[in-house]
Amino acid sequence: MIRYVLPVLLFASALPAHAQAPAKEAPLIERAKLFGNPSKSGGKLSPDGRWLSWIAPRDGVLNVWVAPAGDLAQARPLTDEKVRPIRGSFWSPDSRTLLFIQDKGGDENFLLYGVNVASGKQVNYTPFEKTRVRIVQISSKVKDRILVGINNRDARWHDVYSLDLASGKLTLVQQNDGYGGYLADELLNVRIASKARADGGMQYFRLTDGKAESTPLVEVGLEDSQTTAPLGFTVDGKTLYWTDSRGRNTSALLAQDVASGKTTVVAQDARADISDALYDTRTGKVQAYSVDYLQHEYLPLTDDLKADLAFLKKHAKGQFNVTSRTEADDKWLVGVDAVTAPASSWLYERKSKKLTQLYVTRPELEGAPLVPMYPQEIKARDGLTLVSYLTLPQASKATPDGKATQAVPMVLLVHGGPWARDTYGYNSYHQWLANRGYAVLSVNYRGSTGFGKQFISAGDLQWGRKMHDDLLDAVQWAVNSGVTTADKVAIMGGSYGGYATLAGMAFTPTTFACGVDIVGPSNLFTLLQTIPPYWEAGKQQFYKRMGDPTTEEGKALLKERSPLNFAQHIQRPLLIGQGANDPRVNVAESDQIVAAMAAKNIPVTYVLFPDEGHGFARPVNNIAFNAVTENFLGQCLAGRAEPIGATLKASTAQIKHGAEFAPGLQEAMR
């Protein structure tokens, strides 16, 4: 897909609290079991089916491991990162090399690395400074090279290079003079280019001999810009698949005949957008699609997958997701999420219909008192339906269908983006907070993606207003439903969720008992001034959906919606976490609101991590901030908390302000 997706200001983190547990309460789950390194994650089958790779700790840091697919006991590490975890990897098409991207200290200047499975030799394919690499195309037919986008010539635009995997040689394929992205076919021919329009919409052009045609193949306005995009070509190059919302609300899956231009609707759902599908590994033709409204589900389109998906639905003990397939399509890697058990990865052999467990991501959580998550449809004051997810602690005495019979304190956990969404499944923050005694509610407020273009557009220019009203309406629903009481609700979130926290504390200062802001922007004007240069293609969408800083009207709106300008109204306890190297939400966003509050003698606690960016990738840092958070919440909401202990000293946390306002923090610093 080459659509320029608005960069997700996304991160998630959560909370808990304080006090001795009554005898009947669930045992306290250790923070380290929830937020420490997983034992294994990110499994991938090599295209030839010989190997299985995954991410696992090596000397306490997540690295890439590999083993013969039939003998995991022969596992060996391929990389040796000492500080910053590798969080994902993928196979070269010839099954000889494992590829991964890595940045430094959270600066998001991701470079591409490869490590040869046989020799163990590691190569930095893109040894450039201040560069962010994109993967443009990995083909199943061209085995020896891939296409990558590199912005080392002009930080705003990614030129397309062919990368020879054996030699590391980069050959320029397409110089980029203003296009947001490119789409190539299975022969690695660059065939489609996307270009942002001045109104926030998007144009898609065919390329001939490296040049864009003068007339767009497809043109969409702002309304359809996040829900219409090309997905990919079939192997023969004759069909182009789209996710497309033009002429409808939710995006449908369309097939376009390249020669005639004719499009055919393959699948659609009035409840949710369709953008994810399973494609034949040999032909590239779509075989099934997925819908994610309340929960994720696959729907087959062809007979060849119908029996497989039915078998997995029957035998997988939880929501399942096909995460990897061999080129011969005889073996699948399937992730299973039971919500009340740690996620697991299974090998599915299609011919014999055999399902074998390979690993559990966090085996230390097996048998832990994990609790269900309940999808909810909450009505906003203007009638919009807000798909939300509720997790209840044991003290709620929930009925089997998720109705609380006893009110408890609640944490409103707000997702980032805002152009992203919350989903159903195991959620470490929901489980953590519920274990500490809180109900947890996550709301897909207007502007969230996945529910059609009208729902996204309903959030345009509504930061801190109708988007915030949705959160308030969800809290009121929780109060009316007996989940919680109005005086015992905290708000917490990262990125946009951090902004929502600051907005809640400043704009509605008596609604929330306390707030936890993680990498949240406080000043929307300075936020837009400091966005990374490689977001240039999406800048007009930011302006149209948030407020235009180049106009007087836009400046006034951004000023009105910036919590910094209302910091003097904050009355309730606030905790802020920030990464010093954050390229999305600059450290100044946290610095300036802390300074404004300190100048008015308003209590605020500020924790800075010098080796992190947009969120906390290193487990020691995440655990340290969550330790501070749950003790902070314990004072605010009277929940349970594991002591901070030595977690702070094991991290790089710097307490920049207000240690005296967070329980146990001063003692932990000694």
Determine whether a donor-acceptor pair (N or O, by modelled atom type, separation under 3.5 Å) exists between the side chain of Trp65 and the backbone of Ala56. yes
Where Ser139 and Pro93 come nearest, the two heavy atoms and their spacing: O-CB, 3.1 Å
Side chain proximity check, Thr234 to Thr283, heavy atoms < 4.5 angstrom: no
Test item: side-chain donor near acceptor, Thr323 and Asn321, under 3.5 Å: no
Atom of Pro610, atom of Gln654 and distance for their closest heavy-atom approach: CG-NE2, 3.6 Å
Taking the ring of Tyr534 and the ring of Trp157, is the distance between their centroids below 6.0 Å? no
Contact list for residues 162-178, test salt bridge (charged side-chain N to carboxylate O under 4.0 Å, His left out), sequence neighbours left out: Arg153-Asp177
Main-chain N/O of Val585 paired with Gln578 side-chain donor or acceptor, under 3.5 Å: yes
Before we go on, tell me: are the rings of Trp332 and Phe320 under 6.0 Å apart, centre to centre? no
Any donor-acceptor pair under 3.5 Å linking the side-chain atoms of Asp273 with those of Ser275? no
Test of understanding: with salt bridge (Lys or Arg N to Asp or Glu O under 4.0 Å), list the residues that count as partners of Asp244, not counting sequence neighbours. Arg246
Would you please name every residue forming a salt bridge (Lys or Arg N to Asp or Glu O under 4.0 Å) with Arg96, sequence neighbours left out? none
Ring centre gap for Phe616 and Phe625 strictly below 6.0 Å: yes
Between Ile86 and Ile55, is a side chain to side chain contact (heavy atoms under 4.5 Å, CB included) present by the stated rule, with each step listed? CA-CA 7 Å; Ile86 297 174; Ile55 304 296; 4.1 Å; yes
Applying side-chain contact (heavy atoms from CB on, under 4.5 Å), name anything that partners Asp330, two or more places apart in sequence or on another chain. Thr326, Ala328
Report the residues that fulfil salt bridge (Lys or Arg N to Asp or Glu O under 4.0 Å) with Arg362, sequence neighbours left out, ordered by chain and then residue number. none
Sequence neighbours excluded, which residues qualify as side-chain contact (heavy atoms from CB on, under 4.5 Å) partners of Ala255? Thr239, Tyr241, Val266
Could you pull out all residues at least two apart from Glu364 that satisfy salt bridge (Lys or Arg N to Asp or Glu O under 4.0 Å)? none
For Lys143, I'd like to know if atom NZ has over 12 heavy atoms of other residues, nucleotides or ligands within 6.0 Å. yes
Does any donor atom in the side chain of Arg145 or Ser162 lie under 3.5 Å from an acceptor atom in the other side chain? yes
Identify the two heavy atoms, one from Val136 and one from Gly149, that lie closest to each other, and give their separation to 0.1 Å. CG2-N, 3.5 Å
Determine the interplanar angle of the Tyr499 and Tyr496 rings, folded into 0 to 90°, and report it as parallel if under 30°, tilted if 30 to 60°, perpendicular if over 60°. tilted
Checking side chain to side chain donor-acceptor pair (under 3.5 Å) between Ser251 and each of Thr227, Thr228, Thr243, which is the one that passes? Thr243
Taking Asp107 for the side chain and Asn109 for the main chain, is one N or O donor matched with an acceptor at less than 3.5 Å? yes
Verify whether the ring centers belonging to Trp535 and Phe542 lie closer than 6.0 Å. yes
Lys195 NZ: over 12 foreign heavy atoms closer than 6.0 Å: yes
Just by distance, no angles: are the side chains of Trp51 and Ser53 close enough, under 3.5 Å, to form a donor-acceptor pair? no
Without hydrogens or angle criteria, can the side chains of Thr79 and Asn63 be said to hold a donor-acceptor pair below 3.5 Å? yes
Residue list, side-chain contact (heavy atoms from CB on, under 4.5 Å) with Asn124, at least two apart or on another chain: Leu111, Tyr113, Thr126, Pro127
Is it the case that atom NZ in Lys104 sees more than 12 heavy atoms from other parts of the structure closer than 6.0 Å? no
If a pair satisfies salt bridge (charged side-chain N to carboxylate O under 4.0 Å, His left out) and one of its residues is in residues 50-70, list it, with sequence neighbours excluded. Arg58-Asp80
Provide the full list of salt bridge (charged side-chain N to carboxylate O under 4.0 Å, His left out) pairs with a residue in residues 417-427, sequence neighbours left out, each pair given once. Asp292-Arg421
Is it the case that the side chains of Thr423 and His296 hold a donor-acceptor pair, with the cut-off being a distance below 3.5 Å and no angle test? no
Enumerate the salt bridge (charged side-chain N to carboxylate O under 4.0 Å, His left out) contacts for residues 609-624, please, sequence neighbours excluded, ordered by first and then second residue. Arg84-Glu612, Asp611-Arg618
How close do Ala212 and Phe205 get, counting heavy atoms only, and between which atoms? CB-CB, 3.9 Å
So which heavy atom on Leu45 is nearest to which on Trp91, and how close? O-CD1, 3.5 Å
Would you indicate whether the side-chain heavy atoms of Asp159 and Gln174 approach each other to under 4.5 Å? no
Quick check against the 3.5 Å criterion: does Asp337 have a side-chain atom that pairs as donor or acceptor with the backbone of Gly318? no
Might you point out which heavy atoms bring Leu72 and Ala67 nearest each other, and give the distance in Å? CA-CB, 3.9 Å
Please name all residues satisfying side-chain contact (heavy atoms from CB on, under 4.5 Å) with Lys649, sequence neighbours left out, ordered by chain then number. none
So, applying side chain to side chain contact (heavy atoms under 4.5 Å, CB included) with Gln287, which one of Leu309, Leu301, Asp304, Thr281 is it? Asp304
Flag for Gln203-Ser194: side-chain donor and acceptor within less than 3.5 Å: no
Tyr348 and Asp308 side chains, donor-acceptor separation under 3.5 Å: yes
